[in-house]
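Per chain, numbering begins at 1; letters A, B, ... match sequence-line order.
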Amino acid sequence: MPPPSPNDHADAILFASESARACGRDRHIPEREPSEPLAEPVKQPHSALPDAPSGVGDDVRAGHVPRAGGIAERARAMAGPRRAPGGAYLAGLNPEQREAVETVEGPLLVLAGAGTGKTRVLTTRIAHILHLGLAWPSQILAVTFTNKAAREMKERIAGMVGEEVEGMPWLGTFHSIGVRMLRRHAELVGLKSGFTILDTDDQIRLLKQLLQAEQIDEKRWPARLLANTIDGWKNRGLAPEAVPAGEGATFANGRGKALYAAYQARLKALNAADFGDLLLEGIRLLRENPDVLAEYHRRFRYILVDEYQDTNVAQYLWLRLLAQGSHNVCCVGDDDQSIYGWRGAEVDNILRFESDFPGAKVIRLERNYRSTGHILGAAGHLIAHNEGRLGKTLFSEGVAGEKVTVTGAWDSQEEARAIGEEIEQLQHHGHPLNQVAILMRASFQMREFEERFVTLGLSYRVIGGPRFYERAEIRDALAYLRCISQPADDLAFERIVNVPKRGLGDAALRQIHDHARALGLPLQEAARQLAQGDALKPKVRLALRELVQSFERWRGQMNGMAQSQLAEIVLDESGYTEMWQKDRSADAAGRLDNLKELVRSMEPFENLTGFLEHVALVMDAEGGAGSDAVSLMTLHSAKGLEFDTVFLPGWEEGLFPHQRALDEQGRAGLEEERRLAYVGLTRARFRAKVFFASNRRIHGMWQSSVPSRFLDELPDGHVEVTESRGGQGWGGGQAGRYGYGPSRFDSAGTFGSSYSTPGWQRAQAARSGSSGGGSPGGSGRGGGFSEPAGRYAPTRGGGPVIEGQLIAKSTGAPSPFRQGERVFHQKFGYGEVMAVEGNKLTVQFDKAGEKHVLDSFLQAT
DNA sequence: TTGCGGCCATTTTTT
DNA sequence: ATGGCCGCAA
């Protein structure tokens with residue numbers, strides 16, 4: 001590392017003296033030793049300041065010194081007359097929250113249940129640290145997962161300490177902080193400081209090329225799978241050489257590890273990093289360069305982590321490295337809300353906190369300020385079925401409120417109709433739609449609600465879904481801009497070389513590639529040379545020359561105008577806008593709107609580079625949240641939000657808990673699904689309304705469904721079973737079979753007749769099936785499949801069956817039904833089998849017409 | 001090079 | 001049922 005620039009020292013002195021003054025005014029804090037707060041900030045800036053190795057302007061000097069007076073002023077203001085020991089910001093905290101805020105030294109885990117004021121603790125804690133003068137804003141590392149969370153945190157801190165928050169360059173997402181570190185020390189990990197950040201799309205295209213070059217069959221070994229595998233390794237902090245040989249062999253007959261290494265080499269050659277690298281290379285940087293690590297140790301006096309239950313191994317390693325300096329690491333999270341295991345989050349991180357950080361203190365926040373007693377009671381009882389948890393019981397001092405309702409519907413359409421009606425009722429009673437959300441397990445469930453709401457004229461808004469910057473037209477437009485800004489960005493060049501179509505197809509691209517590889521040039525430069533020579537066919541050469549010249553022209557204009565203006569010119573002159581204008585498909589107009597929106601969103605940025613950096617990391621555009629509308633989203637995207645009324649449709653076995661989670665993750669998968677249910681319930685302030693449907697169309701085929709086991713795990717005392725209007729609901733048959741004891745759903749006759757339900761029908765089928773043995777359905781609180789666990793209870797021939805706790809996947813066994821046979825189906829009535837394909841049948845129903853159904857839902861007549 | 005037709009998979013999502 | 005992707009034919 002180069003030595004610090006001379007300026008650093010002078011600044012440090014100024015900085016130190018300011019800090020001493022700031023603290024000096026705080027001197028009268030009764031409970032502190034006089035020397036203690038003084039000592040650190042004075043000593044700290046000296047050691048922390050030697051900064052970016054390059055010495056180029058960075059946070060501390062650039063941002064803070066001029067503002068130091070401001071800090072002192074703030075401190076004085078806060079230390080003013082109204083200040084109780086500690087400051088006004090501590091006033092509204094409950095004792096646990098206050099303890100979490102004031103326990104500033106040493107490792108601390110705050111187990112913050114849903115709605116217990118987690119963000120408040122985090123932000124107040126930062127304000128507190130600043131207020132006491134324990135650290136400068138630039139000495140606090142505060143990490144979140146999403147940009148949204150970072151933004152919110154920043155806003156709330158600003159509400160408490162004012163502009164000082166602007167001096168917190170290390171408040172951000174894991175990734176943005178990772179980039180920040182890497183940009184300063186890029187050379188140490190084999191990159192140049194201006195490296196490009198590749199998103200998933202770029203990553204997959206790169207891997208595709210790699211697979212092609214290696215002659216690996218992409219059908220058998222899709223690039224997507226390799227990308228996931230590599231991401232998985234990166235999530236676990238494994239560089240190519242660290243991948244265990246056995247695991248490295250799982251992809252493409254043992255070539256996984258080598259491919260990973262090749263991919264990393266390719267990234268370096270492109271001067272690019274993918275999302276995983278932003279952390280993984282950060283870890284490498286800190287491990288291999290003790291001086292850099294020491295610098296950050298000196299810098300970060302306090303480390304705070306939000307949503308700790310979502311951290312993966314790489315993030316944990318990264319944090320641990322950094323926390324070895326001050327040991328002042330505070331992680332806030334809730335093991336019961338860990339729902340991202342499937343993308344590498346390790347609940348273990350939070351479960352093991354105390355042993356990972358010796359001397360750690362754990363504070364539980366269990367006082368809930370959000371939900372009514374019944375909702376908390378129901379959610380708490382449900383989550384208590386999980387084994388792997390630290391254990392918390394939320395309580396509230398509020399009212400019991402309305403019970404959680406459980407409503408059965410005949411099929412998903414009726415479910416949507418029932419929910420639509422309830423929402424209209426609420427609306428008539430003056431309930432704002434903004435305070436209503438429908439939270440579902442999978443996004444395909446959304447369509448039904450959208451359709452229903454369109455007919456009802458109910459305004460709704462879909463949260464989540466494809467992000468603005470991930471849309472094809474936006475990515476295309478960005479690729480043009482990247483080509484201008486970074487002529488060596490090969491991936492961007494490839495993306496738009498023939499978009500719109502300009503006759504530069506695979507063949508032309510291959511030639512450019514070959515030329516580039518031969519001379520070690522970026523594609524764009526290779527293209528420029530080829531356009532001049534005569535190696536290409538005239539037509540191709542002309543098109544290429546046109547493109548290359550355009551880029552040069554645009555690049556020349558780059559500095560003379562606002563980037564948004566340049567973008568307009570580029571989109572126009574490249575023919576890209578025209579391409580969509582000519583497009584007759586339904587969404588073309590929307591795409592043009594998106595492009596306009598893109599151009600508009602560029603305006604506030606300093607320059608094109610600044611904008612592109614923003615886009616790479618902050619992949620969200622502010623969507624209009626203005627109007628009063630019902631929110632539709634998945635349970636995953638609901639985490640962290642709250643609504644007065646929450647509808648939770650689709651609580652059926654196979655959908656929720658999702659079959660795949662059960663198949664692939666077993667018990668762990670089930671527990672994560674249960675946490676998801678818990679997250680859903682705890683989003684509600686006053687009303688949580690659970691629904692399930694007895695029939696649902698999945699992959700275009702009607703399937704009968706069994707109510708979710710989670711329904712049985714809701715305690716009687718907090719739940720009310722209602723019947724959807726006009727619905728036939730579902731009979732009591734299946735409940736209780738999961739070993740959690742009897743529940744109210746076991747009493748027959750809650751809904752209509754038990755004898756018309758799919759559960760009963762299936763029990764009948766089981767009884768007449770070849771296995772015999774098991775107790776017949778329909779008796780006692782029965783209808784349950786009480787065959788010994790682990791044994792199949794086939795329907796006729798064997799369809800979905802219950803094995804232990806899981807419903808097995810449909811077997812590939814041949815269907816027992818023949819073409820021409822008369823059959824009966826729960827939803828569609830009588831019909832005739834038209835075609836048989838494995839266990840999938842095409843049936844011509846007398847009333848309902850031709851449908852595709854699984855054989856296990858049919859009975860012979 | 002482009003355009004169309006068949007084949008396959010299809011939970012959840014951030015950076 | 002439906003959309004995305006690949007391969008093949010014009």
Side-chain angles (χ1 to χ4, degrees), chain A residues 143-150 172-179 197-204 208 212 217-220 222-225 228 231 234-235 273-280 307 310-312 314-315 338-345 439-447 463-467 469-470 472 498 500-510 537 539-540 543 587 613-620 633-640 650 654-665 669 672-673 675-677 679-680 697-702 840 851-852:
Chain A
V143 270
T144 63
F145 275 86
T146 63
N147 292 300
K148 189 169 161 238
T173 61
F174 276 100
H175 292 84
S176 65
I177 290 169
V179 176
I197 299 162
L198 301 189
D199 65 15
T200 318
D201 213 81
D202 296 323
Q203 195 188 356
I204 286 178
K208 232 174 226 167
Q212 264 157 16
D217 180 11
E218 283 181 69
K219 269 277 163 55
R220 214 162 118 68
R224 174 126 236 141
L225 179 67
N228 285 336
D231 275 346
K234 289 188 173 177
N235 284 340
D274 66 17
F275 286 123
D277 284 344
L278 300 183
L279 280 160
L280 194 60
E307 306 277 20
D310 289 338
T311 49
N312 59 36
Q315 285 155 343
S338 163
I339 54 174
Y340 286 110
W342 50 272
R343 68 178 195 210
L439 311 182
M440 45 225 128
R441 175 66 243 264
S443 41
F444 76 84
Q445 292 173 260
M446 244 176 273
R447 182 175 294 180
I463 315 276
R467 304 221 141 18
Y469 289 116
E470 280 165 15
N498 200 28
K501 304 261 184 282
R502 41 174 80 91
L504 298 170
D506 278 351
L509 187 59
R510 182 141 314 139
K537 280 187 260 175
K539 234 191 200 161
V540 174
D587 52 355
E613 171 89 16
H614 165 88
V615 165
L617 282 174
V618 188
M619 297 283 273
D620 60 353
M633 68 189 93
T634 63
L635 286 160
H636 282 91
S637 37
K639 194 168 70 149
L655 176 59
F656 192 35
H658 200 279
Q659 194 57 49
R660 242 168 114 156
L662 300 180
D663 290 344
E664 286 165 17
Q665 303 288 330
E672 183 153 311
E673 296 286 297
R675 291 193 289 267
L676 208 44
V679 166
R697 202 164 46 173
I698 291 173
H699 310 321
M701 260 180 314
W702 282 98
K840 292 172 197 157
K851 302 281 174 192
H852 295 280

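Whole-Å rounding puts the His175(A) NE2 to dT15(B) C1' distance at 4 Å. Nucleotide dC8(B) holds its P atom 15 Å from the CZ atom of Arg220(A), rounded to whole Å. Regarding Asn235(A), its CG atom lies at a distance of 17 Å from the P atom of dT13(B), rounded to whole Å. At whole-Å resolution of the value, CG in Leu676(A) and C1' in dT12(B) are 7 Å apart. Glu470(A) has its CD atom 14 Å from the P atom of dG4(C), to the nearest Å. A straight line from CG of Leu504(A) to C1' of dT2(B) spans 13 Å, rounded to a whole angstrom. Rounded to whole Å, atom C1' of dA9(B) lies 12 Å from atom NZ of Lys219(A). Atom CG in Asp310(A) sits about 12 Å away from atom P in dT15(B), given to the nearest Å.
An aromatic stacking contact links His658(A) with the base of dT11(B), defined here by ring centres under 5.5 Å apart and ring planes under 30° from parallel. Remark: ring of Trp342(A) does not overlap the six-membered base ring of dT11(B) in a stacked fashion, as centroids less than 5.5 Å apart with planes less than 30° apart are not both met. In this pair, His699(A) lays its aromatic ring flat on the base of dT10(B), centres within 5.5 Å and planes under 30 degrees apart.
Counting only N and O atoms by type, the side chains of Asn235(A) and Gln315(A) include no donor and acceptor under 3.5 Å apart.
Between Lys208(A) and the phosphate of dC6(C), there is a side-chain N or O to OP1/OP2 separation shorter than 4.0 Å. OP1 or OP2 of dT11(B) has at least one side-chain nitrogen or oxygen of Arg660(A) nearer than 4.0 Å. Residue Asn147(A) places no side-chain N or O under 4.0 Å from the OP1 or OP2 atom of dT14(B). Taking only side-chain nitrogens and oxygens, Thr634(A) never comes nearer than 4.0 Å to OP1 or OP2 of dT11(B). Between Thr200(A) and dT14(B) there is no side-chain N or O to OP1 or OP2 distance below 4.0 Å.
If you check every strand for non-hydrogen atoms under 4.0 Å, Asn498(A) touches sugar and phosphate atoms only. Contact annotation for Asp506(A): backbone-only contact, meaning every heavy-atom pair under 4.0 Å involves sugar-phosphate atoms and none involves a base. Among the heavy atoms of the strands lying under 4.0 Å from Glu664(A) is at least one base atom, whether or not backbone atoms are also near. The residue Phe174(A) sits apart from the nucleic acid: no heavy atom pair falls under 4.0 Å. Leu278(A) comes within contact range of no nucleotide atom at all, as no heavy-atom separation falls under 4.0 Å.
Closest-nucleotide positions on DNA chain B for Ser637(A) and Ala507(A) were compared, and the one nearer the 5' end corresponds to Ala507(A). Positionally, the nearest nucleotide of DNA chain B for Arg502(A) lies more toward the 5' end than for the other of Glu672(A) and Arg502(A).
Looking only at distances, no side-chain donor or acceptor of Asp277(A) sits under 3.5 Å from a matching main-chain atom of Leu280(A).
Here dT11(B) is the nucleotide among dT13(B), dT11(B), dT2(B) with the atom lying nearest to any side-chain atom of Glu673(A). The Leu617(A) side chain lies nearest to dT15(B) when the options are dA1(C), dT15(B), dT11(B).
The CD1 atom of Ile339(A) sits 5.0 Å away from the CG atom of Leu676(A) when rounded to the nearest 0.5 Å.
Of the residues listed (Thr144(A), Thr311(A), Leu278(A)), the one engaging Phe174(A) in a side-chain contact (heavy atoms from CB on, under 4.5 Å) is Thr311(A), and it is the only one.
Between Phe145(A) and Thr173(A), the closest heavy-atom pair is O-CG2, 3.6 Å.
The aromatic rings of Trp342(A) and His636(A) stand perpendicular to each other, their planes meeting at an angle above 60°, with 30° marking the opposite boundary.
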